[in-house]
Asks: 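For reference, the structure I am asking about is given below.
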Amino acid sequence: MKRNFPVAIALLILGVSGGQGFAQQYKGPVIDAHAHIRFGDGDAVKADQPIGTEKLLQLDAQAGVRQSALIVIAAKGQPEQTRANNDRVIAAAAASQGRFYAVPSVHPLDGEAALEELRRLAKLGVREIKLHPNTQNFDVSDPAVGVVTAECGKLGLAILFDSYKPWDPSQTGKFLLLAVQHPQTHIVLAHMFFSQFREAITFAQLSKLGMATNVSFDLSAIAVAYQGSPVVPELVWTIRKIGTDHFLFGSDWPVDNPGDALKAVRSLGFTAQEEQAILHDNAAKLFGLK
Ligand SMILES: [Zn+2]
């Protein structure tokens, strides 16, 4: 008994630290795959969000985020404004010396104008667009969403969808169908269904049949919301079941700061290798970043 005492103490210290503090952390570059930009005229994501990229650059530098998405969201029936906003976000990214990559948007209910814009964006080197069922007020099962999703697949554009709409309880199933019907399109589901993340296990199950493997999730909002909670072991278990190669780091700036979001993901207790995949490698691979 006496002989094992130092071992017991060591285990106790490990236990007290929660394991997480002792885990080797990934120290390399970080990509924030979910941050919004506001230009200040009719594109408000959050009324008090700073205009332009200056504040985000500052926060990224503080947090150790090397590259970040810049997201805009298109309004319905304003194809000219949509084009102008997309051009602005592409220009902001181009002027950033690799600090930002543009995530423009179309409105899926804009018909041919949306498809035309997608073709234009692909030619400009865009790799991902954003669609938001709540902000843009569309239903994921609308055939028009399928048309846009199919076109994105043809053009090599990934789609970042907001995935949480608590007043549409079928939405997780609608995303599942969309992913299965358009296997050539890469779909990123932001927030991992948030408080309904348990549903995500279905994607792990279907991948055994070779279906819905074209889906990634980002951990924006959900990691910050659940950090330090009793839910963490189940969240991490679910992420591992799906595969950490299907997860991206995101802050959802200006909802959360990149630094807070990063701290939240690091607190979940992933291995350094898993962190590297989530915080950098998966996004780098998906969007052709360094
Ligand atoms: Zn967002």
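In each ligand, atom 1 is the first atom listed, and ligand 1 is the first ligand listed. In this text the structure is predicted, and so the values were computed from the model without any measurement.
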Asks: From H36, does some N, O or S atom reach closer than 2.8 Å to the Zn ion (ligand 1)?
Replies: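 Given the 2.8 Å cut-off, H36 counts as a ligand of the Zn ion (ligand 1).
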
Asks: Are side-chain N/O atoms of S220 and H191 paired as donor and acceptor at under 3.5 Å?
Replies: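 There is such a pair (donor and acceptor under 3.5 Å, judged by atom type) between the side chains of S220 and H191.
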
Asks: Using a strict 4.0 Å threshold on nitrogen-to-oxygen distance, state whether E112 and R119 make a salt bridge.
Replies: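 Salt bridge present between E112 and R119.
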
Asks: Decide, counting backbone as well as side-chain atoms, whether V255 has an N, O or S atom less than 2.8 Å from the Zn ion (ligand 1).
Replies: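 Short answer: no, not a single N, O or S atom is under the cut-off.
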
Asks: Looking only at N, O or S atoms in D252, which is nearest to the Zn ion (ligand 1)?
Replies: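 Distance check against the Zn ion (ligand 1) picks out OD1 in D252.
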
Asks: For N282 and H246, test the side chains for any donor-to-acceptor distance below 3.5 angstrom and give the result as yes or no.
Replies: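 No pair is found: no donor N or O on one side chain lies under 3.5 Å from an acceptor on the other.
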
Asks: Measure the CD1-NE2 distance between I73 and H132 for me, rounded to the nearest 0.5 Å.
Replies: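 Going from CD1 on I73 over to NE2 on H132, the span is 5.0 Å.
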
